[in-house]
2 protein chains.
Amino acid sequence: MSSQPRIAIDAMGGDEGVRVMMAGVALARRRHDGLRFLLFGDETRIKAALDHHPNLRAASEVVHSDSVVDGSEKPSTAIRKKGSSMSMAIAAVKSGDAGAAVSAGNTGALMAMAKLALRTMPGIDRPALAAMLPTLGDNDVVMLDLGANTECDARNLVQFAVMGAAYARIACDLERPRVRLLNIGTEELKGTDEIRDAAAILRAADALPLSFEGFTEGDKIGRGDVDVIACDGFSGNVALKTAEGTARFVTDLLRKAFTSSLRSKIGFLISKPAMHLLKHHLDPNNHNGAVFLGLNGVVVKSHGSANDKGVANAVHVAARLLEEDITRRIAADMAGVAALFNVASKQELPVK
Amino acid sequence: MSSQPRIAIDAMGGDEGVRVMMAGVALARRRHDGLRFLLFGDETRIKAALDHHPNLRAASEVVHSDSVVDGSEKPSTAIRKKGSSMSMAIAAVKSGDAGAAVSAGNTGALMAMAKLALRTMPGIDRPALAAMLPTLGDNDVVMLDLGANTECDARNLVQFAVMGAAYARIACDLERPRVRLLNIGTEELKGTDEIRDAAAILRAADALPLSFEGFTEGDKIGRGDVDVIACDGFSGNVALKTAEGTARFVTDLLRKAFTSSLRSKIGFLISKPAMHLLKHHLDPNNHNGAVFLGLNGVVVKSHGSANDKGVANAVHVAARLLEEDITRRIAADMAGVAALFNVASKQELPVK
C-alpha cells in the first residue's frame, strides 16, 4: 500500500451518475485531509465531473474502465465481466493499491466480487453486511447481517456480534458497545438453537471489548438502548426493509392527513420546520454506507439513490474503518473467542 | 354444540380488567344479533360489570373460575394450573359448548393450552398465529405465522398460505386473495430451500381459492398490493414487531418535532384533525384480534392493552370465523393440496 491511505471509488455505480458520486467524494475529502482516491470508470465523464472539484482532482488518480455492472445484472454474470469499474475498484483493494473500496452499484454483484477477490479474513467463517440505523437515543445502532447470509449458525452469529462491536467502537466512538442478538422474546429459552448457543458463547466471552446484554426484539431496534444488534441475514433483511417500509407508510399517511382539508394544509405550512426535522432524521442519506465486514479489506456499499451528502457519508465510513484498521481489530478480538468455540465444540455445540 | 352459536370469553385476561372486557363483548354483541356468550372468570366481578350491559347479560351465561393465568407465567406452568378462566374458555370449545374462544391473557399460555386441548386439525402439521395489518390500500393484509413456530419447512409455509387465504376470504370478503411468501428478494432463486420449495408447490396449486403471486419483501407489507403474507414465525414476529416499533419511532419523532418550537406547537394545534386521522389509522385497537389458525376450533387472542373497541374487534373476528366455519374451509382446501405434497415428496422435496 502507498504511504498515504487511498480509497478506490467505483464512479459508475449509483442511479444518480458520475457527477453525484464525484460531488460526494469531494465533500468527504474535506473531512479527511490526507486521504487520496483512485477513481474507476469512464475517464471522460469522471474528468468532466472533476472540473467542478479541483481539490478532489488534486488528490485523485483516474483509471479508465470500459464496462459497468448493471443494476439488474446477476452476481454470477457480473463477476465474469472483465474490467468493470466495480471489479477494478475491488482489485485495487486486493493488490494493496487502495485500503478500501466504495461502490453505489449492484449490491449482490459487489458482495460476490468482494468475497471472491478479498476472501474472508482469518477467524471469520462468513462476511456480513452491516449498517447504522437511526434511534431515539444519542447513538445510531449497528445492525448485521442484513442479507449476506440467509441461514446462520451459532459461530456466525458470534462473529457478527464481534465484528459489529468493532464497527461500533470506531463509528460511534464507544469503548464497550452494548450488544444484543435479535430474537422473538427476551427470555433465555426463546428462539432457535443457533441463537441460544450464540448467546451462551457471548455470555462466556467476558474478555471481549463489548458488553453482551442478551436478546432484543424487533420493536426495540430504534429505542437507542443497544449499540449492536446481530442476527441472521434473513431476519436482518426483513427487519431493515420492514422498518424502511413502515417509516414510508407512516409519512405517506401523514402526507394524506395533512392534505385532507384546508385547515390541515394551513397547519402543515406552519409546522413545516417541524416536518423538516422529521425528514432530516429519517433521511437515509444521513445513514448511508453499508459495510461488508469480515473480508481482507474494507468494502462499503453506498445506496444507489444516495445524493452527494449520502455518498460523502459512505466514503467517510470507509475512511474511518481504514484509519482505525478494523480488519486488524476484528482479528485480535476473534483470537480471544476462538478458545470459546473450541470449548463449545467439545460440548457438542451444533456447528454446521 | 347448542343450536345458537356461542363464544367463550376469558373475562379475566387483559391489563384493563373485567369491565373493559365486558364493555367490548357488549359492543360486539350489537353487530351479531343471535350470538350468545359463556363468560369465564370471577363471578362477582363479571356480574357487577354486566349491570352496565343488560343486553349482553341476557345473552350470556356466567361460569365462575377461581384462578387466573398471570401475564408473566410460563406456558408450561399455566397449562398445569387447574380451572383458570383461560383453560375453562378453551375447554368449552373442546366440549362443543362454544364454537370459539377469546382471551386477552398471556399469549404463550393461550397458544400452549389451545394446542393441547383442541389439537391440530387434520391436514395441518402446525397451527399458526395470524393477524391483520393496516395497509395504504383498501384492504388490510393477513400475515402469518407471527411467532407460533420458530422454524418452518415448506409444508408448513404452504399450509400457512392456505389458512391465511381462508381467513382473508372471510375477513376481507375476497374470492381469491393474492398470496405471497415473505422473502429477502423477489427473484425465484432468493431465500431458503424451504421458501423456494413452498413457492413451487403453491405455483402448482392452481385449483386453490387463492392467487399465488410469488415473493414479497419487508418494505412492501403495508403497500396494499397483497392480501396474505405467509412466513416462518421467527421472521413474521420480527417483521410485526419492527413495524410496530418503527411506527412508534416515527410518531415519537413527530411529537418531538411538533413541540420543538412555539411555531410548531401552533401548527400542531391547527393540524390536530389530521393527526387524529393518522392516530386512528395506526390505532392497534382497529386491528385487534390475532387468530390461531389450524386448530379444531377458533381461538382469538385480544391484545392485553386493548380498549373496549379493541375487544369488540377481537370478538367480531371470532364471530365471523365461527359463522363462516373457517375450520371446514381450511380442511376442504387442504384436501386439494395434499396431492401436491405427495408429488413433491416423490421429487425428494426436503420435508423435515
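Letters A, B, ... are given to chains in the order of the sequence lines, protein chains preceding strands, and every chain is numbered from 1. From a predicted model like this one, the values you see are computed outputs, not experimental measurements.
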With a 4.5 Å limit on heavy-atom distance, are the side chains of [X] and [Y] in contact?
X: B:Phe234; Y: A:Val238; result: no
X: B:Leu136; Y: A:Leu253; result: yes
X: B:Arg223; Y: A:Arg248; result: no
X: B:Glu194; Y: A:Glu151; result: yes

Give a yes or no on whether [X] atom [atom1] has more than 12 heavy-atom contacts from other residues, nucleotides or ligands under 6.0 Å away.
X: A:Lys115; atom1: NZ; result: no
X: A:Lys74; atom1: NZ; result: no
X: A:His287; atom1: NE2; result: yes

Relative to chain A, which of [options] shows the most heavy atom pairs under 4.5 Å?
options: B:Thr251, B:Val250, B:Ile184; value: B:Ile184
options: B:Ala243, B:Ser235, B:Pro134, B:Gly222; value: B:Ala243
options: B:Gly233, B:Ala239, B:Cys231, B:Gly185; value: B:Ala239

TODO: Hey, could you give me the CD/OG1 distance between A:Glu217 and B:Thr242, rounded to the nearest 0.5 Å?
DONE: 10.0 Å
TODO: With rounding to the nearest 0.5 Å, note down the distance linking NZ in A:Lys241 to CD1 in B:Ile221.
DONE: 11.0 Å
Open item on the list: Taking side chain as everything from C-beta outward and backbone as N, CA, C, O, which of these in B:Ile195 sits under 4.5 Å from a heavy atom of chain A? Side chain, backbone, both or neither.
Closed with: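 For B:Ile195, side-chain heavy atoms alone lie under 4.5 Å from chain A.
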